[in-house]
2 protein chains.
Amino acid sequence: MDTGDRLLTPGEVAALFRVDPKTVTRWAAAGRIGSIRTPGGHRRFRESEVRALLEGEGMLDEVDDGIANRPRNAGPAAPSGPGPAGAGNMGMH
Amino acid sequence: MDTGDRLLTPGEVAALFRVDPKTVTRWAAAGRIGSIRTPGGHRRFRESEVRALLEGEGMLDEVDDGIANRPRNAGPAAPSGPGPAGAGNMGMH
DNA sequence: CTACAATGGGGTAATTAGGGAG
DNA sequence: TATGTCCTAATTACCCCATTGT
């Protein structure tokens, strides 16, 4: 089966997710989605990958008794440790 | 077959139902409404599904006359079997 | 080469997610 | 039980303009 040779533009992906084209660019910059760059620097995305993301079928680890890890942070770099971010915060109002 | 690919943001759905966006998030967390997550973690809802819920086509057994003799339990009390899940989705976490 | 739409990059507001308490 | 509100962090949306693509 085709691996999805069809490439989509940021605007197409943005329309599929109902987000801004800039947001799609951020996903690529964060490594959350594969991106192919044109000689000019613009990005192209694989239709198959986008579709998998849309349905969340990227990883089927749905088990009631098993704790599936959150689809958070799929790249090599951790955005920011949710741990010591705000030591002793939380709704203390 | 266009199932209404248009996706709505939590704020839009909340405005349609006249509730807080937080409430819509709870519905999605409870699996009462299908939700698509963006790579960033935000949720998007299908316009068609929201419309069906607004019409009350999700569950039609409210035409009962005995409201007084009906306990506060409507439908399958067991959260394990949401039968009429039209645009079936998967409850993630 | 010029014209127009879209994209990329940076920066700042608005929205959203998640938890806790009423 | 279900819904609305408060707080913090993360994500997203809209502003600018230079460059790319057709």
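Below, all heavy atoms of this structure are taken into account, side chains as well, without hydrogens, waters or symmetry copies. Each chain gets a letter, A, B and so on, in the order its sequence line appears, and its residues count up from 1.
- A:T23 has a side-chain polar atom (N or O) that falls below the 4.0 Å cut-off from OP1 or OP2 of D:dA13.
- Dashed line: the shortest gap from a side-chain N or O of A:T38 to OP1 or OP2 of D:dT20 is not under 4.0 Å.
- As rounded to whole Å, 11 Å separates atom C1' of C:dG18 from atom NE2 of B:H42.
- Counting atom types as modelled, B:K22 pairs a side-chain N or O with a base atom of C:dG19 as donor and acceptor under 3.5 Å.
- Of all heavy-atom pairs spanning B:F45 and B:A28, the tightest one is CE2-CB, 3.8 Å.
- Axis orientation changes by 50° from one end of the helix from C:dA3-D:dT22 to C:dG19-D:dC6 to the other, with each end axis drawn from 5 pairs and the value rounded to 10°.
- A distance of 13.0 Å separates OG of B:S35 from CG of B:L8, quoted to the nearest 0.5 Å.
- Side-chain contact check for B:P39 versus A:F17: some heavy-atom pair is nearer than 4.5 Å.
- Inter-residue side-chain proximity for B:R43 and B:I36 is flagged as unmet; no heavy-atom pair is nearer than 4.5 Å.
- Considering only side-chain N and O atoms, A:R43 lies nowhere under 4.0 angstrom from the phosphate OP1 or OP2 of C:dT7.
- Across the protein-nucleic acid pair, B:R32 atom CZ and D:dT1 atom P stand 11 Å apart, rounded to whole Å.
- Atom CZ of A:R37 has more than 12 neighbouring heavy atoms from other residues, nucleotides or ligands inside a 6.0 Å radius.
- The base of D:dG4 sits within donor-acceptor range of the side chain of B:R26, with an N or O pair under 3.5 Å.
- When all heavy atoms of A:V19 and B:R44 are compared, the closest pair comes out as CG1-NH1, 3.1 Å.
- Judged by distance alone, the side chain of B:E49 and the main-chain N or O of B:G34 form a donor-acceptor pair under 3.5 Å.
- A side-chain contact (heavy atoms from CB on, under 4.5 Å) with A:V13 is found for exactly one of A:T25, A:V24, A:L54, namely A:V24.
- Note on A:T9: every side-chain N or O is 4.0 Å or more away from OP1 and OP2 of C:dA6.
- Within residues 10-20 of chain A, the residues approached by DNA chain C to less than 4.0 Å at the level of any non-hydrogen atom are A:P10, A:G11, in residue-number order.
- Going from atom CG of B:L7 over to atom P of D:dA13 covers 12 Å, rounded to whole Å.
- Distance A:I33 CD1 to D:dT11 C1': 16 Å, rounded to the nearest Å.
- Within 4.0 Å (heavy atoms only), A:R44 reaches no atom of the nucleic acid at all.
- If A:P21 and A:P39 are placed on DNA chain D by their nearest nucleotide, the residue sitting closer to the 5' end is A:P21.
- Atom CZ in B:R37 sits about 16 Å away from atom P in D:dA10, given to the nearest Å.
- Residue A:W27 places none of its side-chain N or O atoms closer than 4.0 Å to OP1 or OP2 of D:dT11.
- Legend: residues meeting salt bridge (Lys or Arg N to Asp or Glu O under 4.0 Å) with B:R51, ordered by chain and number and at least two apart, are B:E47.
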